[in-house]
Asks: 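Pasting a structure here, questions to come.
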Protein chains: 2
Amino acid sequence: MPYTYEYPRPALTVDCVVFGLEAGELKVLLIERDLEPFKGSWALPGGFVNMDETLEQAALRELQEETGLRDLYLEQLYTFGQVDRDPRGRTVSVAYYALVNPKGLMLHASSDARQARWFPVSQIRGSSGPRLAFDHEKILEVALRRLRGKVRYEPIGFELLPTKFTLTQLQSLYETVLERELDKRNFRKKLLSMKILIELEERQQDVAHRAARLYRFDESRYRRLMRSGFVFEL
Amino acid sequence: MPYTYEYPRPALTVDCVVFGLEAGELKVLLIERDLEPFKGSWALPGGFVNMDETLEQAALRELQEETGLRDLYLEQLYTFGQVDRDPRGRTVSVAYYALVNPKGLMLHASSDARQARWFPVSQIRGSSGPRLAFDHEKILEVALRRLRGKVRYEPIGFELLPTKFTLTQLQSLYETVLERELDKRNFRKKLLSMKILIELEERQQDVAHRAARLYRFDESRYRRLMRSGFVFEL
DNA sequence: CCAAAAGTGTTCTCCATACACCCATGC
DNA sequence: GCATGGGTGTATGGAGAACACTTTTGG
């Protein structure tokens with residue numbers, strides 16, 4: 001190979017902050033490490049980048065290996081390069097964040113993880129939960145800030161819900177993520193006026209009160225609107 | 001060192017997209033490479049990350065070495081990890097973008113750069129300018145999109161102007177970056193109502209018409225407003 | 001019939017927009 | 001005195017915010 005660069009190189013990893021919504025709470029997926037360093041600690045799923053895969057491929061592979069998750073909304077978050085962030089030596093980590101609907105998902109730990117589990121984000125941040133390995137608490141902070149920012153001007157929140165959802169579920173998603181209450185009538189008016197939801201004939205099942213109408217996010221419609229200058233907002 | 005990871009590692013670089021405003025045009029700072037590969041081509045300033053420096057330090061160091069620039073607003077942009085983006089072998093690059101006021105700046109190429117020069121962004125994108133090395137055109141695209149997005153909801157535009165500026169300069173900055181015209185009266189009303197500009201006693205010098213009042217961005221005021229929930233917008 | 005959530009309209013306020021003329025200065 | 005940009009106010013429309021009651025359903 002010509003012009004090869006021969007100086008020492010930092011190691012390169014990816015880490016994934018996977019958010020999910022469960023019981024009206026925002027949760028994050030953690031694994032219990034089965035390898036040193038931080039063996040037995042909880043950490044974000046992630047690992048080393050191979051020479052023949054892109055960063056995103058590495059993130060997806062590690063997620064699959066350590067938690068069993070596949071096919072999710074994934075976006076690059078930030079790259080963390082503090083010199084001492086890994087006791088094994090210089091390691092730079094490209095962080096991704098992902099949104100999934102945990103309902104009905106099977107977690108399946110393997111590889112370097114003893115188990116994978118959902119933790120309420122508030123527990124970790126409030127330190128009533130486990131302390132995370134490496135600088136993963138900091139990565140979580142950055143991811144949370146990004147999620148809060150992004151959810152307001154891009155319709156990514158839908159990734160956290162089932163395909164079919166009620167407007168109340170959607171509203172409560174926003175209330176959870178943004179940590180503030182929204183007015184029911186105004187919220188509905190706003191969302192319906194955007195014309196990016198498909199009103200289904202179906203309704204909620206098995207609830208002990210009037211069953212709510214179900215909706216689906218109309219992605220292709222959204223894309224078309226985008227091209228003509230529409231911007232989703234709150 | 002315990003637990004050292006011994007698999008092959010991608011090389012790690014940083015690249016910087018430095019934007020400047022000159023003659024009412026948005027420009028980007030490029031260097032002419034003096035090393036293979038792409039010797040003689042124009043490229044973003046950047047280079048390999050050393051083992052004992054953070055990513056931001058690496059970006060600042062490379063900028064200083066290749067262009068002579070120091071002390072600028074710098075922010076991480078995105079990390080590019082396509083497998084084949086560098087002919088020397090697998091190389092991942094963490095891109096940063098920077099904003100400076102080019103007026104009166106001395107560029108001073110050295111190290112791996114033959115020269116450093118400002119190019120109109122439109123030229124590069126319209127391919128009437130030079131083709132850039134590696135995937136640097138793509139990096140420039142991403143940086144431009146980010147700049148356009150960010151300038152609207154964070155007061156970073158001021159970095160592109162001298163410390164003291166007129167409202168017309170500020171407006172024309174926004175018009176240039178956002179590529180659309182703004183109404184003078186509404187623009188002034190909006191900005192002045194934010195209370196983040198300090199009205200100076202001084203005025204423009206040496207203009208062949210009524211001299212405009214100069215303003216300064218009040219950063220500490222802005223920070224205070226931020227904490228109390230204020231958000232800069234457009 | 002009671003509990004629990006679904007669903008729905010109107011008013012008011014504020015902010016974004018559109019728009020045109022006089023002012024100060026240098027030459 | 002004329003060319004050049006600096007500087008200013010007002011009217012209108014539309015969107016966000018505030019706000020409470022009726023409807024449906026299951027138990």
Side-chain angles (χ1 to χ4, degrees), chain A residues 21 23-24 151-153 155 157 161-162 164-176 178-216 225 228-234, chain B residues 21 23-25 151-153 155 161-162 164-176 178-216 225 228-234:
Chain A
L21 211 52
V151 92
R152 291 191 44 203
Y153 64 93
L161 293 179
K164 301 170 180 180
F165 50 84
T166 69
L167 290 181
T168 303
Q169 284 178 301
L170 188 60
Q171 177 176 346
S172 113
L173 177 166
Y174 278 97
E175 290 179 332
T176 303
L178 299 176
E179 285 183 314
R180 91 188 141 92
E181 305 221 315
L182 300 172
D183 180 85
K184 182 160 61 153
R185 278 168 293 189
N186 294 336
F187 181 81
R188 284 163 182 247
K189 227 182 307 172
K190 176 103 195 214
L191 265 143
L192 293 176
S193 74
M194 290 184 188
K195 310 278 187 200
I196 55 172
L197 296 185
I198 299 172
E199 182 172 319
L200 302 175
E201 290 311 313
E202 277 170 277
R203 292 177 161 272
Q204 254 180 339
Q205 302 275 320
D206 305 316
V207 284
H209 53 78
R210 177 173 179 178
R213 164 156 266 131
L214 291 170
Y215 291 83
R216 209 154 54 70
L225 285 170
S228 43
F230 167 83
V231 277
F232 179 89
E233 208 178 325
L234 197 127
Chain B
L21 211 52
E25 239 191 336
V151 91
R152 291 190 46 202
Y153 64 92
L161 293 179
K164 302 170 179 181
F165 50 84
T166 69
L167 290 180
T168 303
Q169 284 179 300
L170 188 59
Q171 178 177 346
S172 115
L173 175 166
Y174 278 96
E175 291 180 333
T176 303
L178 299 177
E179 285 182 314
R180 90 188 142 95
E181 306 220 315
L182 302 171
D183 181 84
K184 182 160 62 156
R185 279 167 294 190
N186 295 337
F187 180 81
R188 285 166 181 246
K189 227 182 308 172
K190 176 103 195 213
L191 266 144
L192 293 176
S193 74
M194 288 183 189
K195 309 279 188 199
I196 56 172
L197 296 184
I198 298 173
E199 182 172 319
L200 302 175
E201 289 313 313
E202 276 170 277
R203 291 176 162 272
Q204 252 181 340
Q205 302 275 319
D206 306 317
V207 285
H209 53 78
R210 176 174 180 179
R213 165 155 267 133
L214 292 170
Y215 292 82
R216 210 154 55 68
L225 285 169
S228 44
F230 167 83
V231 277
F232 179 90
E233 207 177 326
L234 195 120

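This is a predicted model, so every value here is computed, not measured. The chains referred to below are lettered A, B, ... by the order of the sequence lines, with proteins before strands, and numbering in each begins at 1.
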Asks: Take atom CZ of B:R152 as the centre, draw a 6.0 Å sphere, and report whether it contains more than 12 heavy atoms from other residues, nucleotides or ligands.
Replies: no

Asks: Are there more than 12 heavy atoms of other residues, nucleotides or ligands under 6.0 Å from atom CD of A:E181?
Replies: no

Asks: Check whether any side-chain nitrogen or oxygen of B:R188 sits under 4.0 Å from OP1 or OP2 of D:dG7, and answer yes or no.
Replies: yes

Asks: Look at the side-chain N and O atoms of A:R203 and state whether any lies under 4.0 Å from the OP1 or OP2 oxygen of C:dG7.
Replies: yes

Asks: Of all the heavy-atom pairs spanning A:L200 and A:K164, show the shortest one and how long it is.
Replies: CD1-CG, 3.7 Å

Asks: If you only use heavy atoms from C-beta on, which nucleotide in D:dG7, C:dA5, D:dG5 is closest to the side chain of B:R213?
Replies: D:dG7

Asks: Please compare A:N186 and B:Y215 by the position of their nearest nucleotide in DNA chain D and report the one closer to 5'.
Replies: B:Y215

Asks: Kindly say if A:T168 contacts the phosphate of C:dA6, meaning a side-chain N or O under 4.0 Å from OP1 or OP2.
Replies: yes

Asks: Could you give the CG-to-C1' distance, from B:L170 to D:dG7, as a whole number of Å?
Replies: 16 Å

Asks: Starting at atom NZ of A:K184, determine the distance to atom C1' of D:dA18, rounded to an integer number of angstrom.
Replies: 15 Å

Asks: Taking only N and O in the side chain of B:K189, is any of them less than 4.0 Å away from OP1 or OP2 of D:dT8?
Replies: no

Asks: Taking any heavy-atom pair under 4.0 Å as a contact, classify B:T166: base, sugar-phosphate, or nothing.
Replies: nothing

Asks: Atom OG1 of B:T166 and atom OH of B:Y215: how far apart are they, to the nearest 0.5 Å?
Replies: 9.5 Å

Asks: What is the distance, to the nearest angstrom, from the CZ atom on A:F230 to the P atom on D:dA15?
Replies: 12 Å

Asks: Verify the contact: side-chain N or O of A:K190 to OP1 or OP2 of D:dG16, cut-off strictly under 4.0 Å; return yes or no.
Replies: yes

